[in-house]
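Labels below follow one simple rule: chain letters A, B, ... track the order of the sequence lines, proteins then strands, and each chain is numbered from 1. Side-chain atoms are counted along with the backbone in the values below, which use heavy atoms only and exclude waters and symmetry mates.
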Number of protein chains: 2
Amino acid sequence: MQSLSVTLPKRGVFTFRYFFLVTLQKSVSSPLQIISVIIEGINCTKPTSRTVEVITIKDIAKALNLSTSTVSRALRGSYEINPETKRLVMEYAERMNYRPNPIALSLKENRSRSIGIIIPEIANNFFSQAINGMESIAYNRGYHVVISQNHESYERELVNTQYLAQRRVDGLIVSLSGESNDLEHFKELQSKGLPIVFFDRVPQDYITHKVSADNFVGAYEATAHLIQQGFRKIAHLTSPSWLSITYERLEGYKKALQNHGIPIEESYIKYCSHGGMIPEEVEKAVLELIHHPERPDAIFSAGDRLTTSSMSLIKREGLRIPEDIAIVGFTNLISAHLLSPALSAVTQPAYEMGQLATEFLIDLIERPKSTIRFETKRLETKLVIRESSLKPA
Amino acid sequence: MQSLSVTLPKRGVFTFRYFFLVTLQKSVSSPLQIISVIIEGINCTKPTSRTVEVITIKDIAKALNLSTSTVSRALRGSYEINPETKRLVMEYAERMNYRPNPIALSLKENRSRSIGIIIPEIANNFFSQAINGMESIAYNRGYHVVISQNHESYERELVNTQYLAQRRVDGLIVSLSGESNDLEHFKELQSKGLPIVFFDRVPQDYITHKVSADNFVGAYEATAHLIQQGFRKIAHLTSPSWLSITYERLEGYKKALQNHGIPIEESYIKYCSHGGMIPEEVEKAVLELIHHPERPDAIFSAGDRLTTSSMSLIKREGLRIPEDIAIVGFTNLISAHLLSPALSAVTQPAYEMGQLATEFLIDLIERPKSTIRFETKRLETKLVIRESSLKPA
DNA sequence: TTTTTTTATGCAATCGTTGTCGGTAACGTT
DNA sequence: AACGTTACCGACAACGATTGCATAAAAAAA
């Protein structure tokens with residue numbers, strides 16, 4: 001390892017304005033390549049002031065020899081302020097780039113113009129698409145969103161909910177964690193006046209706006225499609241039993257079997273009580289299906305992670321899709337068409353669901369006193385048929 | 001459409017505690033199936049109180065006939081409070097489930113015990129994994145994270161940065177948007193004392209902690225692998241030219257070609273200035289490569305979206321991977337091994353990068369006065385070779 | 001000129017919390 | 001008896017912004 005002092009030349013898109021003391025950990029052939037080795041030794045004094053000094057209404061008042069109340073009113077355009085004074089204040093505020101302190105406002109008004117999102121996981125295409133939908137609506141209605149994920153843990157859901165409530169979000173959009181069957185924390189907040197809208201994984205026994213996909217129909221169609229392809233031994237790999245999505249999809253699955261006169265085989269139905277967060281659990285479930293005395297010839301699986309995991313496992317066990325086992329997923333995987341084989345999937349209108357939930361919530365926030373007609377919206381799913389569910393000839 | 005009044009029976013996991021007036025939009029065969037049709041007509045009065053009444057220190061003071069200062073000190077365990085009083089206060093606070101108001105604290109202390117994350121997109125495996133890493137560290141050092149995405153837009157990055165600063169986050173973790181080459185907004189905040197740590201897409205001309213993957217080496221290895229497989233006409237599909245990741249990967253790519261005596265063909269290098277957010281742009285770039293007079297026999301592509309898009313397009317154009325065009329991606333796609341063909345990829349240690357960046361940031365936040373030795377850490381990437389880059393025999 | 005009205009501004013309280021300062025007992029020391 | 005210590009506790013200001021109320025000055029009406 002060598003240590004040397006280099007002045008880097010201006011070159012390419014970079015402009016180095018500093019002298020570096022660089023410690024190289026690999027030999028380099030050109031100065032430019034230096035950017036690819038570990039630069040360790042830049043010593044530099046950090047700016048010491050910790051106070052992010054921003055202009056307050058008080059500063060404006062002092063500078064213009066006015067009182068804070070006058071400034072405040074001038075900025076809000078109150079009619080009782082002299083137009084001239086108003087202009088003065090406005091101009092000064094503009095020039096100094098004044099922005100009202102949202103924290104002070106939150107404290108005073110007990111609201112924050114922000115809404116909290118509580119979801120299981122952002123590393124999931126369905127949820128990240130939904131978030132984008134929420135942001136789009138919130139953004140142009142003047143709200144910010146605060147995202148928190150609970151990683152399918154009830155504990156974390158609780159903590160996050162409390163935190164957001166303390167932070168005075170004006171409302172919550174929730175998709176329940178895989179562990180949540182107790183909803184007291186939400187009920188309490190709601191009874192204290194905090195609007196809550198559920199989406200995707202919605203509780204049954206709870207009166208508020210709810211947005212979800214039509215899981216029953218989606219599952220029915222997926223199962224019916226498999227049946228129509230000629231599969232008869234259809235398994236169902238799904239999320240924790242107490243979630244609405246699980247129940248509704250299960251019902252759709254069963255109904256499709258019934259309608260086609262296929263008996264329901266309970267040992268074909270596998271719940272993963274952590275929604276795929278624990279690989280071992282999924283592996284156990286899938287292996288049980290694969291090594292079932294009457295091995296299923298198709299799997300209808302719920303959720304991104306369950307679907308990708310089971311595809312991996314089926315392949316790992318040396319079975320072919322769809323020849324040995326066909327598969328249809330209930331998933332919004334963006335790369336579904338690129339999988340091997342291309343994955344047939346029931347997709348949910350995630351973006352629209354997020355938008356709708358947010359509209360519901362902001363309506364609740366901004367029109368709080370009137371009697372509200374709570375709605376439960378179900379949006380249509382779409383079955384996209386690809387290779388993974390086609391019966392070989 | 002029929003309208004009827006139903007009392008739903010207790011059954012399964014559901015307990016209906018209310019009488020519903022249900023408007024059915026599809027015919028149903030059993031009461032249970034009702035959950036799968038659109039329930040439209042639930043009329044219900046929302047609780048009217050908008051004030052989320054919470055217990056404050058003042059309430060405790062009043063209830064116990066003490067002053068607020070005494071209560072405050074008792075709660076913080078100050079030595080100058082009578083143990084008996086302390087116990088009284090503590091117990092009462094516990095019983096009433098008192099939680100200090102974080103907003104008031106933020107206002108008073110000009111800090112929030114939260115850190116802001118500014119990234120291009122959460123619907124991206126690399127970033128969502130990184131966020132998980134950040135959360136894990138922040139969480140057990142007593143911080144919350146606030147996530148904001150800019151969708152590769154400079155405008156949004158600016159707005160989000162301002163917002164987070166106003167919200168008094170104690171520091172920022174940033175990965176630049178595809179449009180950002182002006183960094184004044186960060187510089188200004190930093191000069192005012194707000195610690196900032198960059199990760200992944202780091203600016204060159206900026207003195208602070210930085211965390212990134214070793215893009216140069218990662219790109220070098222990927223390219224060298226393709227060369228070693230026997231490919232010679234290797235194209236590079238990448239992100240906007242001014243981003244650090246682009247530059248570093250490009251240098252690695254070029255270096256590998258050079259070292260193997262392969263001339264660099266500029267028309268094989270395609271930049272997508274919106275990082276894959278605009279499908280048309282990617283399509284144009286990929287088609288130009290495919291219809292190049294000297295069609296490349298391999299593509300080294302950066303980013304999740306660029307990689308999946310180019311795979312789609314290559315397939316759509318009727319070409320085979322890797323027979324006609326091989327491909328290696330710089331991506332953290334979790335389903336890479338399931339793609340068709342299984343995708344060879346350079347993966348970054350996203351989780352660890354997030355952790356490290358957060359540790360850096362919290363160190364800056366909590367040890368602000370001393371002279372700090374800023375570091376630029378590069379973490380090793382990993383090349384996983386799968387089918388998509390194997391030269392057919 | 002005097003009274004009333006209008007216009008424009010300031011004061012002070014408020015939100016929840018904490019730091020500074022000061023005060024009051026009870027007790028011990030000369 | 002006078003003073004100092006110690007232990008405990010409360011009043012007040014401050015953080016940034018808003019708002020009801022008071023009020024001064026100016027304008028209008030008498």
Item to check | Pairing residues for Glu91(B) by the salt bridge (charged side-chain N to carboxylate O under 4.0 Å, His left out) criterion, not counting sequence neighbours | outcome: Arg87(B)

Next on the checklist: Just to verify, what does Phe127(B) make a ring-ring contact (aromatic ring centres under 6.0 Å, His included) with, not counting sequence neighbours?
Outcome noted: none

Checklist outcome for this item: Side-chain contact check for Thr56(A): nearest option of dC15(D), dT18(C), dA17(D) is dA17(D)

Checklist outcome for this item: Residue set satisfying ring-ring contact (aromatic ring centres under 6.0 Å, His included) with Tyr154(B), at least two apart, ordered chain then number -> His185(B)

Next on the checklist: Could you work out, with side-chain hydrogen bond (donor to acceptor under 3.5 Å, both in side chains) as the rule, every residue matching Thr358(B), not counting sequence neighbours?
Outcome noted: none

Item to check | By ring-ring contact (aromatic ring centres under 6.0 Å, His included) - contacts of Tyr163(B) (at least two apart) | outcome: His144(A)

Checklist outcome for this item: Each nucleotide of nucleotides 21-26 of chain C classed B (base within 4.0 Å of a protein heavy atom), S (only sugar-phosphate) or -, in 5' to 3' order, makes ------

Next on the checklist: With ring-ring contact (aromatic ring centres under 6.0 Å, His included) as the rule and sequence neighbours excluded, what pairs involving residues 69-112 of chain B come up?
Outcome noted: none

Next on the checklist: Counting only side-chain heavy atoms from C-beta out, which of dC8(D), dA8(C), dG16(D) sits nearest to Asn82(B)?
Outcome noted: dC8(D)

Checklist outcome for this item: Across all chains, not counting sequence neighbours, the side-chain hydrogen bond (donor to acceptor under 3.5 Å, both in side chains) partners of Thr70(B) are Ser67(B)

Next on the checklist: My understanding is that only residues two or more places apart in sequence, or in another chain, count here; which of them pass side chain to side chain contact (heavy atoms under 4.5 Å, CB included) with Asp59(B)?
Outcome noted: Ile55(B), Thr56(B)

Item to check | Partners meeting side-chain hydrogen bond (donor to acceptor under 3.5 Å, both in side chains) with Thr208(A) (sequence neighbours left out) | outcome: none

Item to check | the helix from dT1(C)-dA30(D) to dT30(C)-dA1(D): angle between end helix axes, five pairs per end, rounded to 10 degrees | outcome: 80°

Checklist outcome for this item: With the side chain defined as heavy atoms from C-beta on, Ser67(B) is closest, among dT18(D), dA11(D), dG16(D), to dA11(D)

Checklist entry - By a strict heavy-atom criterion of less than 4.0 Å, which residues belonging to residues 90-108 of chain B are in contact with DNA chain D? => result Leu107(B), Lys108(B)

